[in-house]
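Every chain is numbered from 1 and lettered A, B, ... according to where its sequence line falls, protein lines coming before strand lines. Here the structure is a predicted model, which means the values were calculated and not measured.
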2 protein chains.
Amino acid sequence: MKLAQMKTVEDAAPGVAHGCMDDELGFHLRRSQVAAFKHFGQTVTAAEGITPGLYGMLQVIANNSGLTQSALAEAMDVDRSSIVKVVNQLEDKRLIVRDASPTDRRSYCLRLTSFGRNELARIEQAVTAQDREFSKALSEAERHTLIGLLKRLYK
Amino acid sequence: MKLAQMKTVEDAAPGVAHGCMDDELGFHLRRSQVAAFKHFGQTVTAAEGITPGLYGMLQVIANNSGLTQSALAEAMDVDRSSIVKVVNQLEDKRLIVRDASPTDRRSYCLRLTSFGRNELARIEQAVTAQDREFSKALSEAERHTLIGLLKRLYK
DNA sequence: CAGGATTGTTTGCCTGGTCAACAATTATCC
DNA sequence: GGATAATTGTTGACCAGGCAAACAATCCTG
């Protein structure tokens with residue numbers, strides 16, 4: 001507990017105790033997610049220039065072609081106003097378009113461009129590779145167990 | 001009657017497909033963490049007025065009494081300058097103090113006040129209750145399995 | 001003792017989220 | 001049919017929480 005001893009240790013937080021947080025799921029959830037985010041940034045974002053958030057949006061648009069910005073907001077559990085910037089970014093990158101809705105002149109139908117489809121196909125490979133690399137400490141069976149447990153958390 | 005807006009809200013994204021993200025660990029990690037954060041906010045933060053971040057800092061200080069702000073920054077994997085605001089907040093709430101270090105006049109030794117100890121004890125109960133409530137879909141064995149798998153991810 | 005590290009702090013900036021307001025449009029109800 | 005309510009996208013103000021650079025005070029090293 002002496003300061004002098006703590007300062008001599010120089011690795012990333014080796015000696016700090018976390019108390020009862022060691023048995024709290026939320027704590028480990030947060031740490032894992034931060035680590036995953038960092039790993040994504042060092043690989044996919046560095047190579048493809050796309051953030052986890054943008055990638056998620058792109059996937060949802062790709063798999064629900066023609067959906068509305070409000071629907072996207074609801075699917076992402078985020079405010080409608082937050083969607084605007086993201087859609088702008090994706091449109092600026094020529095990955096998606098705001099198509100006019102044939103039935104509602106207020107809303108847009110979000111769709112991938114053909115360029116966006118090609119890009120996504122490439123990025124997808126990078127992301128799945130990154131995901132497997134990130135979880136390389138786990139066997140494939142353990143990885144699926146983990147995903148299954150996580151799914152049950154937010155259902 | 002506004003029946004038109006009875007779109008299921010608790011289940012984010014009722015009909016949206018996620019494509020290959022359904023098999024990506026990072027995706028589920030993020031969703032789980034967001035859900036955990038939200039749950040924390042609706043229970044602990046609403047009742048005790050403390051955020052997950054502040055709670056984590058408080059726990060690390062409590063379990064490593066006398067540690068330096070730089071040590072705290074390293075333990076939290078965050079910039080030194082980010083620590084300042086947090087320590088200010090905790091000090092404003094009279095939960096911790098910046099003690100003068102006996103060996104280094106540049107740095108402070110962070111310690112809980114006795115009030116802070118009492119508060120933390122109470123908050124701890126709320127947090128562990130919240131954590132168990134959040135993971136109520138899992139058995140105790142599954143919860144520990146999950147924590148074990150998560151630990152191996154960021155080690 | 002001189003010069004280089006370290007500590008806490010301030011400042012500025014970015015990202016990503018909320019909220020309130022608003023015009024255009026659509027839906028509802030009498 | 002027409003008044004009224006609800007929805008859609010957008011903007012602007014705001015806030016939390018990160019980083020990076022600069023800085024004075026203090027330590028450490030040679």
Side-chain angles (χ1 to χ4, degrees), chain A residues 3-4 6-10 30-31 33-35 37-38 40-42 45 49-57 66-91 96-110, chain B residues 1-7 9 12 30-31 33-35 37-38 40-42 45 49-57 61 66-92 96-110:
Chain A
L3 180 60
M6 313 203 61
K7 287 204 296 188
T8 57
V9 195
E10 286 160 6
R30 180 161 142 74
R31 287 185 82 103
Q33 202 267 328
V34 168
F37 218 88
K38 193 166 293 185
F40 192 105
Q42 289 169 348
T45 306
I50 197 168
T51 64
L54 284 187
Y55 170 71
M57 298 277 182
L67 91 168
T68 237
Q69 289 186 199
S70 287
L72 181 57
E74 192 184 357
M76 288 303 190
D77 200 24
V78 97
D79 202 82
R80 281 194 337 269
S81 58
S82 305
I83 293 291
V84 179
K85 317 172 190 176
V86 178
V87 169
N88 283 341
Q89 291 181 63
L90 293 176
E91 213 177 20
I96 69 169
V97 285
R98 277 188 245 237
D99 257 9
S101 164
T103 69
D104 191 334
R105 280 188 294 180
R106 291 171 301 181
S107 58
Y108 296 119
C109 295
L110 305 177
Chain B
M1 286 306 175
K2 306 140 194 170
L3 291 175
Q5 54 182 352
M6 285 288 290
K7 298 183 270 188
V9 156
R30 180 161 144 72
R31 287 185 81 102
Q33 202 267 328
V34 168
F37 220 87
K38 193 165 294 186
F40 192 105
Q42 289 169 348
T45 305
I50 197 168
T51 65
L54 284 187
Y55 170 70
M57 299 278 181
I61 295 173
L67 90 169
T68 262
Q69 290 187 198
S70 288
L72 181 57
E74 191 183 359
M76 288 302 189
D77 198 24
V78 99
D79 202 84
R80 279 195 337 270
S81 57
S82 305
I83 292 291
V84 180
K85 316 172 191 176
V86 178
V87 170
N88 282 341
Q89 290 180 64
L90 292 177
E91 213 177 22
D92 288 348
I96 68 169
V97 284
R98 278 188 245 237
D99 257 10
S101 165
T103 68
D104 191 336
R105 278 189 295 178
R106 291 170 303 178
S107 58
Y108 296 119
C109 295
L110 304 177

Picking from [options], which would you name as closest to the side chain of [X]?
| X | options | value |
| --- | --- | --- |
| Y108(A) | dC19(D), dG9(D), dG8(C) | dG9(D) |
| S107(B) | dT9(C), dT7(C), dG17(C) | dT7(C) |
| S70(A) | dT8(D), dT9(C), dG17(C) | dT8(D) |
| T51(A) | dG8(C), dG16(C), dC19(D) | dG16(C) |

Stepwise side-chain contact (heavy atoms from CB on, under 4.5 Å) check, F40(B) with T45(B): CA-CA 6 Å; F40(B) 192 105; T45(B) 305; 3.5 Å; yes

Given DNA chain C, 5'-ward residue of the pair R80(A) and T103(A), judged by closest heavy atom: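 Closer to the 5' end of DNA chain C: R80(A).
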
From [atom1] of [X] over to [atom2] of [N], roughly how many Å is that when rounded to an integer?
| X | N | atom1 | atom2 | value |
| --- | --- | --- | --- | --- |
| Q89(A) | dT10(D) | CD | C1' | 16 Å |
| R106(B) | dA5(C) | CZ | C1' | 8 Å |
| F37(A) | dG16(C) | CZ | C1' | 9 Å |
| K38(B) | dG16(C) | NZ | P | 17 Å |
| D79(A) | dT18(C) | CG | P | 5 Å |
| L72(A) | dT7(D) | CG | P | 18 Å |
| I83(B) | dT7(C) | CD1 | C1' | 13 Å |
| K85(A) | dT15(C) | NZ | P | 10 Å |

Nearest atoms (heavy-atom pairs only) where L54(A) meets I50(A):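 Minimum heavy-atom contact is CB-CG1, 3.5 Å.
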
Least distance between heavy atoms, R80(B) atom then S70(B) atom: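 The pair with the smallest heavy-atom distance is CD-OG, 3.0 Å.
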
Donor/acceptor link under 3.5 angstrom from S81(A) side chain onto base of dC19(C):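 Result: at least one qualifying N/O pair found.
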
Side chain R105(B) and base dT26(D) donor-acceptor under 3.5 Å: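 Answer no: no donor N or O sits under 3.5 Å from an acceptor.
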
Sugar-phosphate only, base, or nothing, as touched by V86(A) at under 4.0 Å among non-hydrogen atoms: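 It contacts nothing in the nucleic acid.
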
Reference residue M57(A); test side-chain contact (heavy atoms from CB on, under 4.5 Å); the match among V87(A), I96(A), I83(A):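 By the side-chain contact (heavy atoms from CB on, under 4.5 Å) criterion, M57(A) pairs with just one of V87(A), I96(A), I83(A): I83(A).
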
Under 4.0 angstrom between S82(A) side-chain N/O and dT18(C) OP1 or OP2: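 Yes, because at least one side-chain N or O of S82(A) sits under 4.0 Å from OP1 or OP2 of dT18(C).
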
Q69(B) side-chain N/O to dT6(C) phosphate OP1/OP2 under 4.0 Å: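 So the side chain of Q69(B) is outside the cut-off, no N or O lying under 4.0 Å from OP1 or OP2 of dT6(C).
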
Salt bridge flag under 4.0 Å for residues R31(B) and D77(A):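 Salt bridge absent between R31(B) and D77(A).
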
Residue whose closest nucleotide on DNA chain D lies nearer the 5' end, G53(B) versus V84(A):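 The answer here is V84(A).
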
